[in-house]
Every structure is written in C-alpha cells, then in structure tokens.
Amino acid sequence: MRLTTVTLLYAIISTQAHAVEDCDILGSLEADPLLASAPVSFQEIQSDILIEACTNAIAKKDDNLARFHLIRARGYLRSGFYQRAVSDITISHEMGYPAATFARATLYHFGEALPQDLTKTAELYQQAYNEGVKWAARGLSMLYEDASFKDYSLDTSKAWLQRFDGP
C-alpha cells in the first residue's frame with residue numbers, strides 16, 4: 001500500500017510541476033528542453049494574447065514562473081518591446097532556467113535588444129548547452145563561423161554543428 005501512495009503522490013507532484021497554461025500553449029519555445037506544450041514559431045505568436053496569458057500565469061506564482069517569464073518575453077519581442085523582453089529573459093535566467101540562458105545568449109549574439117558581445121554569447125551558449133539546451137550547439141556553430149568572433153574557427157563550428165541534433 002505504501003508503494004501505491006508514494007507513486008500517487010509522485011504523479012500528483014510531477015503533474016503540478018508541469019501544468020500547462022495558456023501561456024505555454026500560445027508561446028512555447030522549441031529550444032526549451034522543459035517546454036510543456038507544442039512549440040510555437042515566432043511568426044505565429046499573437047503578442048497581446050500571449051503577454052496577457054503569461055502575465056496571468058506569472059500572477060499565480062507557481063513553480064513555473066521562470067518558464068512563464070521566458071515565454072512572455074517572446075510576446076514582448078514579437079511586439080517590439082525589447083526592454084520588457086530583456087527584463088523577463090533576465091529574470092528567467094537569474095532563476096536558473098536553461099532556455100532563458102540560451103535566449104540571453106541570442107540577445108548578445110545578434111545585438112538587437114542588447115549590445116552585441118560575442119564573448120558573453122559564447123559563455124552563455126556553453127552554459128545553456130551544459131544545462132541541456134541542444135539548440136545552444138547550433139548557436140555556438142554559428143558563432144564560431146563568424147569571422148568577427150575572436151575565436152573564429154570553421155573546424156570548431158563544424159564540431160558544434162555535429163552536436164546539434166535539431167531539425
């Protein structure tokens with residue numbers, strides 16, 4: 001009987017930890033190894049609806065706060081509110097959410113919402129990869145094939161691309 005109770009308790013806890021909210025359904029990121037719903041392409045994001053859904057999810061203050069901040073940031077990026085997006089990505093990153101570390105790396109990589117910093121980009125992509133974000137290998141591949149990167153290396157770029165097992 002004890003085994004059944006423990007199994008049931010585990011099922012309840014794991015279900016609660018991965019509860020799917022409208023925020024997830026409207027904006028899950030493909031690069032997120034902890035995503036709770038099917039990914040949504042950036043072009044398909046309905047920013048106002050996503051931002052509202054994630055704001056409501058964040059207000060619940062449950063265990064998924066970091067994920068909801070990251071997803072809401074996608075809505076802010078889509079609508080051009082870059083500082084709000086950076087704020088949400090930073091919050092999620094500081095909460096230790098791996099996909100937010102990847103998102104922060106891309107912000108530094110492309111220099112649209114933050115000043116470009118390729119050294120910081122490499123550090124964050126590496127951290128995200130070490131935390132299970134396979135897409136970070138693709139980011140590192142792109143970074144190492146960039147001739148303006150101080151550690152430019154086509155061999156290293158190819159090696160990182162081989163580690164990427166995405167689409």
Side-chain angles (χ1 to χ4, degrees), residues 14 17-21 23-42 45 47 50-51 53-55 57-58 60-146 148-153 156-167:
S14 65
H18 292 94
V20 177
E21 294 275 345
C23 178
D24 294 303
I25 295 166
L26 295 168
S28 283
L29 175 66
E30 184 175 10
D32 186 353
L34 304 174
L35 79 157
S37 145
V40 177
S41 74
F42 189 73
I45 290 175
S47 56
L50 176 60
I51 292 166
C54 292
T55 300
I58 289 167
K60 294 178 183 178
K61 299 187 188 251
D62 72 10
D63 293 338
N64 300 302
L65 272 174
R67 186 175 77 237
F68 298 147
H69 276 284
L70 175 62
I71 296 171
R72 184 171 71 175
R74 296 188 80 213
Y76 285 139
L77 285 171
R78 181 78 169 121
S79 62
F81 295 117
Y82 296 121
Q83 290 311 309
R84 290 180 181 173
V86 169
S87 176
D88 268 351
I89 290 169
T90 300
I91 289 167
S92 184
H93 169 71
E94 288 174 353
M95 294 174 97
Y97 199 71
T101 302
F102 171 76
R104 197 158 167 80
T106 62
L107 293 177
Y108 281 116
H109 192 168
F110 299 107
E112 291 180 20
L114 288 174
Q116 187 177 53
D117 183 336
L118 299 182
T119 300
K120 187 71 172 169
T121 298
E123 292 170 11
L124 290 169
Y125 277 147
Q126 183 68 57
Q127 180 183 347
Y129 182 79
N130 291 344
E131 294 173 350
V133 181
K134 68 179 181 177
W135 281 82
R138 177 66 179 117
L140 283 161
S141 175
M142 291 170 54
L143 181 62
Y144 280 98
E145 72 182 8
D146 181 345
S148 68
F149 180 49
K150 68 178 179 65
D151 293 327
Y152 167 80
S153 167
T156 304
S157 173
K158 288 176 189 173
W160 276 110
L161 188 57
Q162 289 174 350
R163 293 182 186 184
F164 175 61
D165 60 352

Sub-4.5 Å side-chain heavy-atom contact between Ile71 and Leu29
no
What are the two closest non-hydrogen atoms of Arg138 and Leu161, and how far apart are they?
CD-CD1, 3.9 Å
What closest approach, in Å, do Pro98 and Glu131 show between heavy atoms, and which atom pair accounts for it?
CA-OE1, 3.4 Å
CZ/Phe102 to CD1/Ile89 distance, rounded to the nearest 0.5 angstrom?
10.5 Å
My understanding is that only one of His109, Arg104, Lys120 makes a side-chain hydrogen bond (donor to acceptor under 3.5 Å, both in side chains) with Tyr125; could you say which?
His109
Taking Thr106 for the side chain and Ala103 for the main chain, is one N or O donor matched with an acceptor at less than 3.5 Å?
yes
Which value, rounded to the nearest 0.5 Å, describes the distance between Gln162 atom CD and Ser157 atom OG?
10.0 Å
Would Arg78 and Phe42 count as a cation-pi pair here, with the cationic atom under 6.0 angstrom from the ring centre and within 45° of the axis?
yes
Please walk me through it: do Gln126 and Trp160 pass side-chain contact (heavy atoms from CB on, under 4.5 Å)?
CA-CA 10 Å; Gln126 183 68 57; Trp160 276 110; 3.2 Å; yes
Spacing of Arg67 atom CZ and Cys23 atom SG [to the nearest 0.5 Å]
7.5 Å
Look at the side chain of Arg84 and the backbone N and O of Tyr76, then say whether any donor-acceptor pair between them is shorter than 3.5 Å.
no
Taking the side chain as everything from C-beta on, heavy atoms only, tell me whether Tyr152 gets closer than 4.5 Å to Asp146.
no
In the structure I gave you, are the side-chain heavy atoms of Leu107 and Tyr82 within less than 4.5 Å of one another anywhere?
no
Taking Ala137's backbone N and O only, do any of them form a donor-acceptor pair with Ser141's side chain (distance below 3.5 Å, no angle check)?
no
What pair of heavy atoms forms the shortest contact from Ser79 to Ile51, and how long is it?
OG-CD1, 4.0 Å
State the CD-OG distance between Glu21 and Ser37, to the nearest 0.5 angstrom.
11.0 Å
Side-chain touch Phe68/Asp24, heavy atoms, less than 4.5 angstrom
yes
Atom of Lys134, atom of Phe164 and distance for their closest heavy-atom approach
O-CD1, 3.4 Å
Closest approach of Ser148 to Leu118 (non-hydrogen atoms, all atoms of both residues)
OG-CD1, 3.8 Å
Quick one: does Val40's side chain get under 4.5 Å of Leu26's, heavy atoms only?
no
CG/Leu124 to OH/Tyr108 distance, rounded to the nearest 0.5 angstrom?
7.0 Å
Are the side chains of Leu70 and Asp88 in touch, meaning some heavy atoms are under 4.5 Å apart?
no
Kindly compute the distance separating NZ (Lys158) from CD (Glu145), expressed to the nearest 0.5 Å.
10.0 Å
Work out which heavy atom in Leu35 is nearest to a heavy atom in Ser28; give both atom names and the distance.
CD1-CB, 4.1 Å
Evaluate the side-chain proximity of Leu65 to Met95: yes if any heavy-atom separation is below 4.5 Å, no if none is.
yes
